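Scroll down for the structure; my scribbles are underneath it.
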Amino acid sequence: MTWWLYVALLCVPLLAVYLHIPPPQLSPALNSWRTSGHFFTFRGNNIFYKESFGVVGSSDVLLLLHGFPTSSYDWYKIWDSLTQRFNRVIALDFLGFGFSHKPRPHRYSIFEQASVVEALVTHLGLSEQRINILSHDYGDTVALELLYRSDHNRSGHITINSLCLSNGGIFPETHYPRFLQKVLKDSGFISPVFTRLINFHSNYLLYFTQIRDVFGPYTQPTEAEFWDMWTGIRFNDGNLVMDSILQYINQRLKHRERWVGTLTSTSTPLHMIYGPLDPVNPHPEFIQLYQKLVQRSTVSVLDEHVSHYPQLEDPTGFFNAYLSFINSF
């Protein structure tokens with residue numbers, strides 16, 4: 001037997017073990033978030049959501065839509081503050097994210113995620129309720145699809161009372177995806193191989209670098225917070241569906257007229273909370289285009305050190321900006 005065959009026989013089982021490294025354990029904080037939530041079924045898949053009842057005597061409902069590649073846990077820093085303003089605060093993990101099911105193979109789409117949100121609202125008995133939506137990143141585009149359905153009175157639509165967006169790539173022409181996102185969405189047959197290799201520690205470091213770059217230098221997450229983000233991605237092998245989910249970037253381009261069009265024509269109260277150090281949606285290019293196209297919207301630009309995750313980087317400033325908006329009508 002030749003030497004290379006010995007090496008191959010040795011490497012194959014080692015590689016097989018390496019590619020099936022179990023996901024990291026949930027931290028106490030992340031496990032507490034999970035155990036305090038619930039699940040409902042959407043087309044055979046379990047969808048995680050968390051809700052809290054807050055202000056007595058108010059009927060105001062707030063729905064939170066998270067970004068890519070994270071989860072509803074993105075809202076934990078302002079959760080308690082929101083419950084002091086709203087009667088009911090609800091957040092979900094989109095299909096393929098966080099603690100929700102992550103089917104594969106599966107063609108993930110913004111349209112399906114909007115239907116997941118509508119199904120959750122129905123499940124909670126809120127179909128007749130006017131809903132306030134607060135969204136971030138990926139969630140911004142889901143929110144725009146929900147807004148389109150609401151404005152066009154589509155069957156099963158949510159009646160939206162107000163919409164607040166934050167740091168989402170809603171304009172393809174001012175959106176600059178990170179290197180890892182571009183690799184995964186455009187690499188064809190290589191992407192499934194690469195997503196499986198994300199089990200490797202070296203690729204955790206690559207992920208770490210990519211995430212670190214979208215936080216401001218003075219607003220970086222702690223090591224524990226980084227690890228919680230990574231754990232949410234790896235839960236239920238979420239790394240294996242990232243390439244499919246990332247097709248949302250191409251969907252934004254394809255359906256720009258639909259989603260940007262409804263943003264510019266809606267009569268629903270709108271607000272944008274923006275972290276200006278965001279390299280994905282850079283200042284001033286992004287916010288100038290937003291103010292030019294969406295003239296009915298108010299805007300809150302946070303401190304110059306705040307980047308792509310304003311609700312995590314400046315939770316007090318973010319909450320105060322949202323409170324000012326929601327109390328203005």
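In this text, all values refer to a predicted model and were calculated from it rather than measured experimentally.
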Mind checking whether [X] and [Y] have side chains closer than 4.5 Å, heavy atoms only?
{"X": "W33", "Y": "W79", "result": "yes"}
{"X": "D140", "Y": "S135", "result": "yes"}
{"X": "T174", "Y": "F286", "result": "yes"}
{"X": "L144", "Y": "L163", "result": "yes"}
{"X": "E112", "Y": "H106", "result": "yes"}
{"X": "L165", "Y": "L263", "result": "yes"}
{"X": "S72", "Y": "D93", "result": "yes"}
{"X": "T41", "Y": "H123", "result": "no"}

For [Y], does its backbone N or O pair with a side-chain atom of [X] as donor and acceptor, under 3.5 Å?
{"X": "T264", "Y": "G261", "answer": "yes"}
{"X": "Q220", "Y": "F215", "answer": "yes"}
{"X": "E225", "Y": "T222", "answer": "yes"}
{"X": "S150", "Y": "H157", "answer": "no"}
{"X": "Q113", "Y": "L95", "answer": "yes"}

Those residues that, when tested against K50, pass salt bridge (Lys or Arg N to Asp or Glu O under 4.0 Å) (two or more places apart)
none
Report yes or no: do S297 and Y290 form a side-chain donor-acceptor pair below 3.5 Å?
yes
Could you check whether S27 and W227, counting side-chain N and O atoms only, form a donor-acceptor pair closer than 3.5 Å?
no
Rounded at 0.5 Å granularity, tell me how far [atom1] in [X] sits from [atom2] in [Y].
{"X": "T262", "Y": "Y148", "atom1": "OG1", "atom2": "OH", "result": "7.5 Å"}
{"X": "N161", "Y": "R130", "atom1": "CG", "atom2": "CZ", "result": "4.5 Å"}
{"X": "L240", "Y": "K102", "atom1": "CG", "atom2": "NZ", "result": "9.5 Å"}
{"X": "N46", "Y": "H38", "atom1": "CG", "atom2": "NE2", "result": "14.0 Å"}
{"X": "R88", "Y": "F53", "atom1": "CZ", "atom2": "CZ", "result": "4.0 Å"}
{"X": "C164", "Y": "I273", "atom1": "SG", "atom2": "CD1", "result": "3.5 Å"}

Would you give me the side-chain donor-acceptor pairs under 3.5 Å for residues 56-69, sequence neighbours excluded?
residue	atom	partner	partner atom	Å
S58	OG	D60	N	3.1
D60	OD2	R85	NH1	2.9
H66	NE2	F94	N	3.1

Just jot down the ring-ring contact (aromatic ring centres under 6.0 Å, His included) partners of [X], sequence neighbours excluded, or say none.
{"X": "W259", "answer": "F111, H255"}
{"X": "F86", "answer": "none"}
{"X": "F325", "answer": "H271, F329"}
{"X": "F42", "answer": "none"}

Output every pair passing side-chain hydrogen bond (donor to acceptor under 3.5 Å, both in side chains) with a member in residues 311-324, not counting sequence neighbours, ordered by first then second residue.
T219-E313
Could you name each residue pair satisfying salt bridge (Lys or Arg N to Asp or Glu O under 4.0 Å) that touches [range], not counting sequence neighbours?
{"range": "residues 143-168", "result": "E118-R149, E145-R149, E145-R258"}
{"range": "residues 286-307", "result": "none"}
{"range": "residues 267-291", "result": "none"}

Would you please test I90 and L124 for side chain to side chain contact (heavy atoms under 4.5 Å, CB included) and show each step?
CA-CA 10 Å; I90 304 158; L124 295 175; 3.7 Å; yes
Do V299 and L147 land in one hydrophobic cluster if side-chain heavy atoms of ILVMFWY residues count as linked below 4.5 Å?
yes
Flag yes if I78 and V306 sit in one hydrophobic cluster, no otherwise; membership is Ile, Leu, Val, Met, Phe, Trp, Tyr, and two members link when side-chain heavy atoms are under 4.5 Å apart.
yes
Evaluate the side chain to side chain contact (heavy atoms under 4.5 Å, CB included) criterion for residues F99 and L26: first the C-alpha distance (whole Å), next the side-chain angles of each, then the deciding distance (0.1 Å), finally the verdict.
CA-CA 11 Å; F99 299 126; L26 301 182; 3.9 Å; yes
List the steps and the verdict of side chain to side chain contact (heavy atoms under 4.5 Å, CB included) for V117 and L146.
CA-CA 8 Å; V117 176; L146 291 168; 3.7 Å; yes
Testing the basics here: between [X] and [Y], what is the closest heavy-atom pair and its distance to 0.1 Å?
{"X": "N167", "Y": "G275", "result": "OD1-N, 2.8 Å"}
{"X": "L30", "Y": "D228", "result": "CD2-O, 3.7 Å"}
{"X": "F40", "Y": "V116", "result": "CZ-O, 3.7 Å"}
{"X": "N281", "Y": "Y274", "result": "O-OH, 2.7 Å"}
{"X": "D137", "Y": "R252", "result": "O-NH2, 3.4 Å"}
{"X": "P24", "Y": "R234", "result": "CD-CB, 3.8 Å"}

Show the numbers, then the answer: is there a side chain to side chain contact (heavy atoms under 4.5 Å, CB included) between H308 and D213?
CA-CA 9 Å; H308 183 67; D213 287 348; over 6 Å; no
Looking at F48 versus F97, is the centre-to-centre ring distance below 6.0 Å?
no
Name the orientation class of the two ring planes belonging to H136 and W75 (parallel below 30°, tilted from 30 to 60°, perpendicular beyond 60°).
perpendicular
Assess the residue pair Y248 and Y108 against the criterion (ring pair (Phe, Tyr, Trp, His ring centres under 6.0 Å)); give the C-alpha distance rounded to whole Å, side-chain angles, the decisive distance to 0.1 Å, and a yes or no.
CA-CA 8 Å; Y248 79 88; Y108 291 87; over 10 Å; no
Partners meeting side chain to side chain contact (heavy atoms under 4.5 Å, CB included) with S32 (sequence neighbours left out):
none
Set of residues satisfying side chain to side chain contact (heavy atoms under 4.5 Å, CB included) with respect to R256, sequence neighbours excluded:
F171, P172, E173, V260, L293
